[in-house]
2 protein chains.
Amino acid sequence: MKVLIVEDDPLHRSYLHEAVNAALPECDTVIEAENGTVGEKLARDHKSAHIVMDLQMANRNGIEAARTIWKERPETRILFWSNYSDEAYVRGVSRIVPDGAAYGYVLKSASDERLRLALRSIFIESQCVIDREVRGLQQKSLGQTNGFTDSEYEILVDIALGLTDRAIAKRRNLSLRSVQNRLQQLYDKLDVYQSAGDDHEDGRFNLRARAVTVAFLRKLLNYSALERAEAELQEWLDGK
Amino acid sequence: MKVLIVEDDPLHRSYLHEAVNAALPECDTVIEAENGTVGEKLARDHKSAHIVMDLQMANRNGIEAARTIWKERPETRILFWSNYSDEAYVRGVSRIVPDGAAYGYVLKSASDERLRLALRSIFIESQCVIDREVRGLQQKSLGQTNGFTDSEYEILVDIALGLTDRAIAKRRNLSLRSVQNRLQQLYDKLDVYQSAGDDHEDGRFNLRARAVTVAFLRKLLNYSALERAEAELQEWLDGK
DNA sequence: CGCCGTCTTGCGTAAACCCGCAGCTTGTTG
DNA sequence: CAACAAGCTGCGGGTTTACGCAAGACGGCG
């Protein structure tokens with residue numbers, strides 16, 4: 001059994017290396033990659049079916065790497081090991097995991113024991129292991145209550161990218177007015193009004209910009225999500 | 001001699017601990033804090049004059065902690081030790097460093113030897129040590145060419161927060177038109193047009209939102225900068 | 001089938017935004 | 001002091017946003 005570790009930080013990488021050795025005596029080879037690009041390549045070359053993957057890497061982040069890896073070999077088991085449980089990450093991951101794939105999401109703050117258990121559960125038992133903190137987010141996020149629909153999230157990303165209403169309409173095949181409807185929904189859910197109105201007519205916010213900020217502060221968006229969205233946008237622009 | 005380490009990540013913390021011991025035999029005590037809040041408190045209690053500080057911590061980030069520490073004791077020597085050299089961080093740090101203070105900025109990717117040298121230079125020799133990569137940014141950023149004026153940066157932050165032109169005018173004591181002038185400058189420097197116009201009248205961008213995105217992608221803004229700016233904004237709002 | 005909720009679309013309006021033009025106030029320089 | 005660059009400000013107008021109102025479209029459900 002081979003395990004591939006994809007992780008930016010040398011310290012974390014060697015920690016992981018040891019953790020894998022300790023948790024999985026049946027594992028005979030551990031290989032390491034220091035960014036997403038190298039990770040993809042090694043996964044391909046070694047046909048590795050067991051991967052521990054950091055999110056947030058400089059060169060090519062974990063989500064992108066995981067997506068291409070899963071596209072090539074959907075049965076690959078990936079344990080995501082991240083510092084944060086930003087909703088943006090959680091959403092990003094659950095968007096790309098193939099049906100029935102075994103994967104995990106463990107925070108770096110987890111104990112050695114928890115990491116050990118996760119490694120065994122996923123790689124040996126093929127079970128999904130989601131950190132309870134992450135799990136909570138997932139439920140709230142994907143459920144209706146207090147959560148964002150895909151269409152709402154979509155439009156959030158679009159204004160975050162800086163598209164005009166018209167451009168969004170074109171991209172999503174909607175009428176101008178529909179785009180604006182969705183924006184209103186979004187503003188509603190993000191609570192952009194209360195902070196805005198507030199009696200005083202001076203303290204007014206630009207709803208569109210404010211929505212993006214609030215989303216950022218709430219970790220609904222983060223750098224890596226923006227980066228991915230920007231790449232998709234460029235693709236679309238080139239495609240026509 | 002005492003050294004205070006303020007760092008989120010346990011692995012990095014113990015690595016730093018060892019590095020300090022190795023580099024500074026004259027140091028007899030090393031204390032650790034796992035976030036900015038605790039860091040401030042320990043710095044105060046121990047009157048520590050030598051600090052190694054991570055930027056980007058969950059609870060209270062390094063810049064905020066450093067600011068209050070320096071406010072209380074400006075002669076404190078701080079070595080910032082960070083994963084990234086985002087322009088937002090660099091700008092944030094140089095904004096708060098007191099006149100004549102000895103400080104340093106070293107990337108986590110630096111070699112052991114470089115970290116050792118930085119520790120000795122700052123803590124023993126009272127010299128500033130800025131990673132050359134960071135240094136480059138600093139020059140470019142604070143110089144005119146290709147860099148952003150304080151006023152431009154200020155307005156960038158304001159639109160990123162989601163303020164309207166009118167609100168910005170009120171906050172910065174400017175006329176509406178002046179605000180809009182600065183916005184134009186900003187749009188210019190951020191190159192929001194070329195990506196926008198592009199012949200096709202469909203691919204149009206919302207300049208205001210696009211500017212923020214571009215700034216984010218260029219690391220001119222990041223989460224921590226936003227967070228700080230938001231706090232300042234709230235303060236201002238409360239102040240009237 | 002009729003009723004109802006959700007989603008989409010068009011019309012119209014008030015406000016906000018982007019910006020060219022031009023007059024003023026500064027600080028700088030020869 | 002004249003000249004000039006740089007920044008602030010008001011005016012005017014073309015676009016874009018935000019959103020109420022109301023008319024369809026679609027899918028469940030009794």
Side-chain angles (χ1 to χ4, degrees), chain A residues 143-145 147-156 158-214, chain B residues 143-145 147-156 158-214:
Chain A
Q144 321 281 43
T145 330
F148 289 71
T149 330
D150 280 349
S151 70
E152 283 159 353
Y153 191 75
E154 207 170 53
I155 210 168
L156 169 61
D158 282 342
I159 59 170
L161 286 173
L163 295 172
T164 58
D165 291 2
R166 194 190 316 281
I168 300 176
K170 204 148 290 184
R171 184 174 186 199
R172 306 296 182 188
N173 282 316
L174 290 171
S175 74
L176 228 187
R177 190 61 180 88
S178 292
V179 170
Q180 296 172 333
N181 272 342
R182 294 194 178 180
L183 279 175
Q184 275 184 265
Q185 277 177 259
L186 185 69
Y187 297 156
D188 240 12
K189 286 214 184 169
L190 283 175
D191 239 14
V192 194
Y193 299 105
Q194 48 97 261
S195 47
D198 214 278
D199 331 316
H200 302 39
E201 79 297 324
D202 355 315
R204 197 144 206 86
F205 282 108
N206 175 317
L207 297 179
R208 173 178 287 245
R210 185 65 181 167
V212 176
T213 313
V214 170
Chain B
Q144 320 283 42
T145 330
F148 288 72
T149 329
D150 281 348
S151 69
E152 283 159 353
Y153 191 75
E154 208 171 52
I155 211 167
L156 169 61
D158 283 341
I159 58 169
L161 285 172
L163 295 171
T164 58
D165 291 2
R166 194 190 314 283
I168 300 176
K170 204 149 288 183
R171 185 176 186 199
R172 305 297 183 189
N173 283 315
L174 290 171
S175 74
L176 228 186
R177 190 61 180 87
S178 293
V179 171
Q180 296 172 334
N181 274 341
R182 294 193 178 181
L183 280 175
Q184 275 184 266
Q185 279 177 256
L186 186 68
Y187 297 156
D188 240 12
K189 285 214 185 168
L190 283 175
D191 239 12
V192 194
Y193 299 105
Q194 48 94 276
S195 46
D198 215 281
D199 331 316
H200 302 38
E201 79 296 326
D202 357 314
R204 196 148 207 86
F205 281 109
N206 175 319
L207 297 179
R208 172 177 289 246
R210 186 62 183 168
V212 176
T213 313
V214 170

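Naming: A, B, ... by sequence-line order, numbering from 1 per chain.
Atoms OG1 and CZ, from Thr164(B) and Arg171(B) in turn, are 12.0 Å apart once rounded to the nearest 0.5 Å. The distance from atom CD1 of Ile155(A) to atom CG of Leu186(A), rounded to the nearest 0.5 Å, is 7.0 Å. Going from atom NZ of Lys170(A) over to atom CZ of Arg166(A) covers 7.0 Å, rounded to the nearest 0.5 Å. Put simply, CG on Asn181(A) and CZ on Arg177(A) are 4.5 Å apart, with the number rounded to the nearest 0.5 Å. With values rounded to the nearest 0.5 angstrom, Leu190(B) atom CG is found 4.0 Å from Phe148(B) atom CZ. Here CG of Leu183(A) is found 9.5 Å from CG of Leu156(A). Values are rounded to the nearest 0.5 Å.
A heavy-atom distance below 4.5 Å is not found between the side chains of Val212(B) and Val212(A).
Among all heavy-atom pairs drawn from Phe205(B) and Gly162(A), the shortest one is CD2-O, 3.0 Å.
Comparing Gln180(A) and Gln185(A), the nucleotide of DNA chain C nearest to each residue sits closer to the 5' end for Gln185(A).
For DNA chain C, the neighbouring residues in residues 171-178 of chain B, judged by any heavy atom under 4.0 Å, are Arg177(B).
The backbone N or O of Leu163(B) sits nowhere less than 3.5 Å from a side-chain atom of Arg204(A) that would complete a donor-acceptor pair. No donor-acceptor pair closer than 3.5 Å links the side chain of Thr149(A) to the backbone N or O of Glu152(A).
Close approach of DNA chain C to chain B, defined as any atom under 4.0 Å from a non-hydrogen atom of the protein, starts and stops at dA16(C) to dC21(C). A 4.0 Å heavy-atom criterion places the boundary nucleotides of DNA chain D facing chain A at dT16(D) to dC21(D), written 5' to 3'.
At the heavy-atom level, Asn181(A) lies under 4.0 Å from base atoms of the strands shown.
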